[in-house]
Q: 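Below is the structure I would like to discuss, written out as structure tokens.
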Amino acid sequence: MLPLSDAEVVAGEAWLDQEVSWPAVLRVRPPAFEPLSGHELVIVSTEALHLLDESLTLGQLIGRLSERNVSAIAVVGRVDANAIERAEAARIPLLVLPESVHFSELGPAITRVIADQRARLYQLGLDAQHQFAEVSMAGRGLVGIVERLARVSGRSVLLWDAYGGILQRIETPGV
């Protein structure tokens, strides 16, 4: 997705499916980040990192961020082998953006993408709630809800009882 469409994944590709709650942009003065609560996409400029602390390497920053449960790190600037190794060991996707990317615009752009995705998911949830309420009001009960879920998702659906027994099974439509 824009603005990360030109990013190259150099580490942690197996963990790209992690949830991202919000972007966290490195600042050039302490504290380096707003308080991190986990699942952030951390945006780092190697130039800003050196302005913050000349002795701090990207690899060291990745080590510290791994303790904060961040979802990924996007870097504008040069990424060395140590940073790649640290990210891979920490199971954190490390994305490298071209130096032509405007670092100051990344945070707001990613915020917009996340907000748009949240709005889309919210709308999908409302649509699903409407469909299930429609089935329920038609008196079709749990069987009708399971059938609708299978049709909407395009997947097989199982409904289990409290003891693990299958109450209803709907195979993927068309299979």
Q: Other residues, nucleotides and ligands only: do more than 12 of their heavy atoms fall within 6.0 Å of CD on E88?
A: yes

Q: Hydrophobic cluster membership, with links at side-chain heavy-atom distances under 4.5 Å among I/L/V/M/F/W/Y: are L49 and L65 in one?
A: yes

Q: For residues V79 and I84, determine if any side-chain heavy atom of one lies less than 4.5 Å from a side-chain heavy atom of the other.
A: yes

Q: For a quick test of reading the model, state the closest non-hydrogen atom pair linking T111 to P23 and the distance between them.
A: OG1-CG, 3.2 Å

Q: Scan the side chains in residues 51-63 for donor-acceptor partners under 3.5 Å anywhere in the protein, sequence neighbours excluded, and list what turns up.
A:
| from | atom 1 | to | atom 2 | distance (Å) |
| --- | --- | --- | --- | --- |
| D53 | OD1 | S55 | N | 2.9 |
| D53 | OD1 | S55 | OG | 2.6 |
| T57 | OG1 | Q60 | N | 3.0 |
| T57 | OG1 | Q60 | OE1 | 3.4 |
| Q60 | OE1 | T57 | N | 2.8 |

Q: What is the distance from atom CG of D80 to atom OG1 of T46, rounded to the nearest 0.5 Å?
A: 10.0 Å

Q: Taking all atoms of both residues into account, what is the closest heavy-atom pair of S153 and V157, and its distance?
A: OG-CG2, 4.5 Å

Q: Taking atom types as modelled, is there a side-chain donor on Q117 or R120 under 3.5 Å from an acceptor on the other?
A: yes

Q: Spell out, yes or no, whether L97 and I114 are grouped together once hydrophobic residues are joined by side-chain heavy atoms under 4.5 Å, including indirect joins.
A: yes

Q: Using a 4.5 Å cut-off on heavy atoms from C-beta on, say whether the side chain of I110 contacts that of V20.
A: no

Q: Are L4 and W22 in one and the same hydrophobic cluster, where Ile, Leu, Val, Met, Phe, Trp and Tyr link if side-chain heavy atoms are under 4.5 Å apart?
A: yes

Q: For the NE2 atom of H102 and the OG atom of S45, what is their distance to the nearest 0.5 Å?
A: 12.5 Å

Q: Say whether V146 and V152 are linked into one hydrophobic cluster, either directly or through other cluster members, by side-chain heavy-atom distances under 4.5 angstrom.
A: no

Q: Just to verify, what does I145 make a side chain to side chain contact (heavy atoms under 4.5 Å, CB included) with, not counting sequence neighbours?
A: F132, V135

Q: Looking at every non-hydrogen atom in both residues, tell me the closest pair between Q168 and I170 and how far apart they are.
A: NE2-CD1, 3.3 Å

Q: May I ask you to check whether over 12 heavy atoms, not counting those of E13, lie within 6.0 Å of atom CD?
A: no

Q: On a heavy-atom basis, which atom in I92 and which in A72 lie closest, and how many Å separate them?
A: CG2-CA, 3.8 Å

Q: What closest approach, in Å, do V96 and G77 show between heavy atoms, and which atom pair accounts for it?
A: CG1-O, 3.9 Å

Q: To the closest 0.5 Å, what do you measure between CD (E99) and CD (E47)?
A: 8.5 Å

Q: Would you call S21 and R118 a side-chain contact if the rule is heavy atoms closer than 4.5 Å?
A: yes

Q: Between Q131 and D127, is there a side-chain donor-acceptor contact under 3.5 Å, judged purely by atom types and distance?
A: no

Q: Give, for atom CZ of R86 and atom CD1 of I73, the distance between the pair rounded to the nearest 0.5 Å.
A: 10.5 Å

Q: Can you check side chain to side chain contact (heavy atoms under 4.5 Å, CB included) on I166 and W160, steps first, answer last?
A: CA-CA 4 Å; I166 297 174; W160 286 285; 3.6 Å; yes

Q: Just wondering, do V44 and V76 contact through their side chains at under 4.5 Å, heavy atoms?
A: no

Q: Measure the shortest side-chain to side-chain distance between L94 and V75 over non-hydrogen atoms and say whether it is less than 4.5 angstrom.
A: yes

Q: Check this for me, if you would: do E171 and R169 make a salt bridge, where the nitrogen-to-carboxylate-oxygen distance has to be below 4.0 angstrom?
A: yes

Q: Taking C-beta and beyond as the side chain, do V25 and F103 meet within less than 4.5 Å on heavy atoms?
A: yes

Q: Is there a chain of hydrophobic side chains (I, L, V, M, F, W, Y, each step under 4.5 Å between heavy atoms) that links L142 to L149?
A: yes

Q: Side-chain polar contacts of residues 33-42 - donor-acceptor pairs under 3.5 angstrom, sequence neighbours left out - could you list them?
A:
| from | atom 1 | to | atom 2 | distance (Å) |
| --- | --- | --- | --- | --- |
| E34 | OE2 | R27 | NH1 | 2.6 |
| S37 | OG | E40 | OE2 | 3.3 |
| E40 | OE1 | G38 | N | 3.0 |
| E40 | OE2 | S37 | N | 2.7 |
| E40 | OE2 | G38 | N | 3.2 |

